[in-house]
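Quick notes on the structure that follows.
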Amino acid sequence: RARRLASALTRRGIGKGDTVSIMAANIPAMLDAHYGVPMTGAVLNALNTRLDAAAIAFILEHGESKLLLTDRGLSGVMKEAIARSKARPIVIDIDDPALTEGDFLGEMEYEDFLKTGDPDFDWAYPADEWDSLSLNYTSGTTGNPKGVVTNHRGAYLNAIGGVLSFGYHPNTIYLWTLPMFHCNGWTHTWALSVVAATHVCLRQVDPAQIFPLIERHKVTHMSGAPIVLNMLIHAPDEVKRTFSHGPVDIATGGAAPPSAVIAGMQRMGFRVKHLYGLTETYGPSTECVWQDDWDDLPFERQVEKVARQGVNVVTMHEQRVVNPDTMEDVPADAATIGEIVLRGNTVMKGYLKNTAATDEAFRGGYFHTGDLAVMHPDGYVEIKDRAKDIIISGGENISSLEVEEVLYRHPQIMEAAVVAMPHEKWGETPCAFVTLKPNATPLSEAEIIAYCSKAMAHYKCPTRVVFGTL
């Protein structure tokens with residue numbers, strides 16, 4: 001299928017340096033694209049399915065998309081995006097058999113498009129390992145999203161790093177709960193195939209589907225943001241399963257998972273591995289490697305250890321925590337906050353058509369992540385917050401992650417998010433957004449603030465609590 005796709009693309013004039021976009025869920029066609037598009041020398045642009053039409057229109061135009069593969073189930077937003085964009089790519093529809101609704105927007109259906117390709121297509125490796133491989137857009141703090149350009153060398157190395165870090169092998173059965181559009185599925189789209197593992201596609205993250213699939217296919221590995229773990233923990237009891245084939249390894253990244261989430265997953269038979277990375281680093285660049293002397297620690301202490309971001313993966317050359325102004329390393333005292341900076345082959349080439357942003361990101365010869373962290377005496381990194389998310393109250397820095405961690409430990413709270421709120425006296429104070437567990441006992445704002453004050457300094461406690469669905 002990948003060779004047919006590459007051949008069909010070539011026959012439509014797609015070649016080296018051209019951008020091929022795909023808007024699709026975690027379906028086989030998305031995997032096809034991760035192989036067929038690079039076989040032509042073209043650049044794969046996997047679109048975030050959660051974006052609105054305006055953002056997608058910008059990406060198609062900014063990335064100069066020449067051909068678009070689009071999932072029928074996402075035709076609503078794509079129809080508007082295509083109409084709004086000045087880009088005029090060839091449009092091919094993907095008709096997922098699991099769907100019964102959605103419009104066809106293009107000139108041909110994907111399976112028919114594959115039939116125009118040669119299954120024996122003589123594809124070639126890239127002439128230069130630094131050739132561009134993918135174009136992934138990441139939200140900027142202001143304005144339009146930035147296009148992260150990656151290369152074949154970096155993706156290959158990060159994929160091998162994934163094999164080593166996560167322990168993939170030929171008997172690995174991987175369930176795709178992680179979006180393949182996100183950093184090309186953390187390069188696991190390629191890593192799993194390196195060891196001839198099995199991909200189990202999943203169109204929608206739904207615990208009612210996930211638990212049966214784990215049992216049916218004897219899934220060994222999964223990945224996902226902490227929100228996915230939280231969904232599994234709070235799934236209805238009638239949906240949950242116990243697994244006869246042993247613990248399921250699940251990697252999580254994005255926001256640091258609260259200790260309560262890690263503990264809840266472990267109780268259900270999952271073994272949590274905490275990773276850290278960014279779109280600019282092909283996904284995971286750091287992992288929290290388990291140490292033997294943690295085996296004898298109390299469970300809560302183990303959870304605290306696992307919640308840290310850890311050490312750089314073997315394929316990331318260097319990770320430091322520095323004072324961003326002086327570029328000097330902060331002391332490894334678990335207290336002094338600095339910025340995580342990275343350097344190595346698994347860092348992006350740069351931002352497409354944005355030299356200023358690229359130069360700023362690489363100032364001092366390192367990639368600046370914008371994540372604030374401390375370095376522990378054992379060499380493990382622990383993120384305290386995004387630089388832009390630190391709350392400054394009366395001149396004191398408050399980590400929103402620290403407040404969220406306390407809130408997640410409340411037995412009635414399912415989800416929590418903390419942001420800065422303007423305050424006439426203190427400048428800023430924490431504002432907490434909270435979702436209670438199903439059938440939870442009603443809580444008042446005062447009760448939550450009082451709960452927080454027992455676990456942290458009073459100035460760090462939320463001054464306002466907003467209840468609702470996050």
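Values below: all heavy atoms of this structure, side chains included; hydrogens, waters and symmetry mates excluded. Computed from a predicted structure; not experimentally measured.
Met327 and His368 make their closest contact through SD-CE1, 3.6 Å (heavy atoms, listed as atom of the first residue, atom of the second, distance). A pairwise comparison of heavy atoms in Gly344 and His317 identifies CA-CB, 3.7 Å as the closest pair. Contact record, Val403 with Val418: CG1-CG2, 3.8 Å, taken as the closest heavy-atom pair. Nearest heavy-atom pair across Pro212 and Pro207 is CD-O, 4.0 Å. The two atoms that bring Met23 and Leu68 nearest to each other are N-CD1, 4.4 Å, heavy atoms only. Taking both residues in full, the closest heavy atoms of Leu69 and Ala33 are given as CD1-CB, 4.5 Å, listed atom of the first, atom of the second, then distance.
Among Val289, Asp378, Thr286, the single residue meeting the side-chain contact (heavy atoms from CB on, under 4.5 Å) criterion with Val311 is Val289. Under the side chain to side chain donor-acceptor pair (under 3.5 Å) rule, Arg72 has a single partner from Asp95, Asp93, Thr100, which is Asp95.
Side-chain contact between Tyr168 and Leu192 is present, with heavy atoms from C-beta onward closer than 4.5 Å. Between Lys273 and Val306, the closest side-chain pair of non-hydrogen atoms is not below 4.5 Å. Looking at Asn345 and Thr315, their side chains never come closer than 4.5 Å, going by heavy atoms from C-beta outward. Under the 4.5 Å side-chain criterion, counting only non-hydrogen atoms from C-beta, Val91 is not in contact with Phe104. Annotation: side chain of Met268 is in contact with side chain of Ile233 (closest heavy-atom distance under 4.5 Å). Considering only heavy atoms from C-beta on, Asn45 stays 4.5 Å or farther from Ile22 through its side chain. Annotation: side chain of Ser223 is in contact with side chain of His188 (closest heavy-atom distance under 4.5 Å). Using a 4.5 Å heavy-atom threshold, the side chains of Val248 and Thr220 count as separate.
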Might you work through the side chain to side chain contact (heavy atoms under 4.5 Å, CB included) test for Val148 and Tyr351, ending with a clear yes or no? CA-CA 5 Å; Val148 174; Tyr351 297 115; 3.8 Å; yes
When you look at Leu44 and Leu135, which way does the side chain to side chain contact (heavy atoms under 4.5 Å, CB included) test go after all the steps? CA-CA 6 Å; Leu44 176 64; Leu135 175 62; over 6 Å; no
Stepwise side-chain hydrogen bond (donor to acceptor under 3.5 Å, both in side chains) test for Glu415 and Tyr408: CA-CA 7 Å; Glu415 294 178 322; Tyr408 268 102; 5.5 Å; no
Could you go step by step and tell me if Leu133 and Asn151 meet the side chain to side chain contact (heavy atoms under 4.5 Å, CB included) rule? CA-CA 5 Å; Leu133 169 66; Asn151 57 63; 5.5 Å; no
Derivation of the side-chain hydrogen bond (donor to acceptor under 3.5 Å, both in side chains) call for Tyr276 and Glu382: CA-CA 10 Å; Tyr276 160 76; Glu382 180 182 3; over 6 Å; no
Test His34 against Trp190 for side-chain hydrogen bond (donor to acceptor under 3.5 Å, both in side chains), laying out the working first. CA-CA 8 Å; His34 275 80; Trp190 300 299; 5.9 Å; no
Side chain to side chain contact (heavy atoms under 4.5 Å, CB included) between Ile82 and Leu105, worked out: CA-CA 9 Å; Ile82 293 169; Leu105 308 177; 4.2 Å; yes
Start with the C-alpha gap between Ser7 and Asp118, add the side-chain angles, then the distance that decides, and say whether side-chain hydrogen bond (donor to acceptor under 3.5 Å, both in side chains) holds. CA-CA 6 Å; Ser7 173; Asp118 181 0; 5.3 Å; no
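A distance of 5.0 Å separates CH2 in Trp123 from CE in Met39, rounded to the nearest 0.5 Å. The structure places CG of Asn158 at 8.0 Å from OG of Ser285, a figure rounded to the nearest 0.5 Å. Interatomic distance, CZ of Phe367 versus OG1 of Thr358, reported as 10.0 Å (0.5 Å rounding). Taking CD of Glu101 as the start and CG of Asp103 as the end, the distance is 10.0 Å to the nearest 0.5 Å. Here the CH2 atom belonging to Trp186 is positioned 6.5 Å from the NE2 atom belonging to His182, to the nearest 0.5 angstrom.
Side chain of Asp359 to backbone of Ala356: no donor-acceptor contact under 3.5 angstrom is found. A donor-acceptor pair is defined here as one N or O able to donate and one able to accept, closer than 3.5 Å; no such pair exists between the side chain of Thr187 and the backbone of Ala155. A donor-acceptor contact shorter than 3.5 Å is absent between the side chain of Asp18 and the backbone of Ala42. With Glu339 contributing its side chain and Gly370 its backbone, the two residues share a donor-acceptor pair below 3.5 Å. Of the possible polar contacts, none joining the Ser85 side chain to the Leu60 backbone as a donor-acceptor pair under 3.5 Å is found.
The pair Lys115-Glu111 does not meet the salt-bridge criterion, since no charged nitrogen lies less than 4.0 angstrom from a carboxylate oxygen. Comment: Glu402 does not engage Lys384 in a salt bridge, judged by the lack of any side-chain N to carboxylate O separation of less than 4.0 angstrom. Using a cutoff of 4.0 Å between basic side-chain nitrogens and carboxylate oxygens, Lys353 and Glu64 are scored as salt-bridged. Using a 4.0 Å cut-off between charged side-chain N and carboxylate O, Asp131 and Lys16 make a salt bridge. A salt bridge links Arg203 to Asp96: one of the charged nitrogens lies within less than 4.0 Å of a carboxylate oxygen. Salt bridge present: Glu129 and Arg153 bring a charged side-chain N and a carboxylate O closer than 4.0 Å. Taking 4.0 Å as the cut-off between side-chain N and carboxylate O, Asp120 and Arg4 do not count as a salt-bridged pair. In this structure, Glu107 pairs ionically with Arg12, as a charged nitrogen and a carboxylate oxygen lie closer than 4.0 Å.
Judged purely by distance below 3.5 Å, without hydrogens or angles, the side chains of Thr19 and Ser65 never pair a donor atom with an acceptor atom. For Ser193 and His199, the side-chain atoms include at least one donor-acceptor pair closer than 3.5 Å. Side chains of Ser132 and Lys349: a donor on one and an acceptor on the other come within 3.5 Å. Of the N and O atoms on the side chains of Asn184 and Ser134, at least one donor lies less than 3.5 Å from an acceptor on the other residue.
The environment of Asp122 atom CG is sparse: at most 12 non-hydrogen atoms of other residues, nucleotides or ligands sit within 6.0 angstrom.
A cation-pi arrangement is present between Arg343 and Tyr366, with the terminal nitrogen or guanidinium carbon under 6.0 Å from the aromatic centre and inside a 45° cone about the axis.
Between Trp290 and Trp294, the two ring planes are perpendicular [angle over 60°; tilted spans 30° to 60°]. Relative orientation of the Phe211 and Phe243 rings is parallel, given thresholds of 30° and 60° on the angle between their planes.
If you look at Tyr380 and His376, their ring centroids are not closer than 6.0 Å. Between His152 and Tyr125, a ring centre-to-centre spacing not shorter than 6.0 Å is recorded.
The side chain to side chain donor-acceptor pair (under 3.5 Å) check on Asp32 picks up Arg1, Tyr110, with sequence neighbours excluded.
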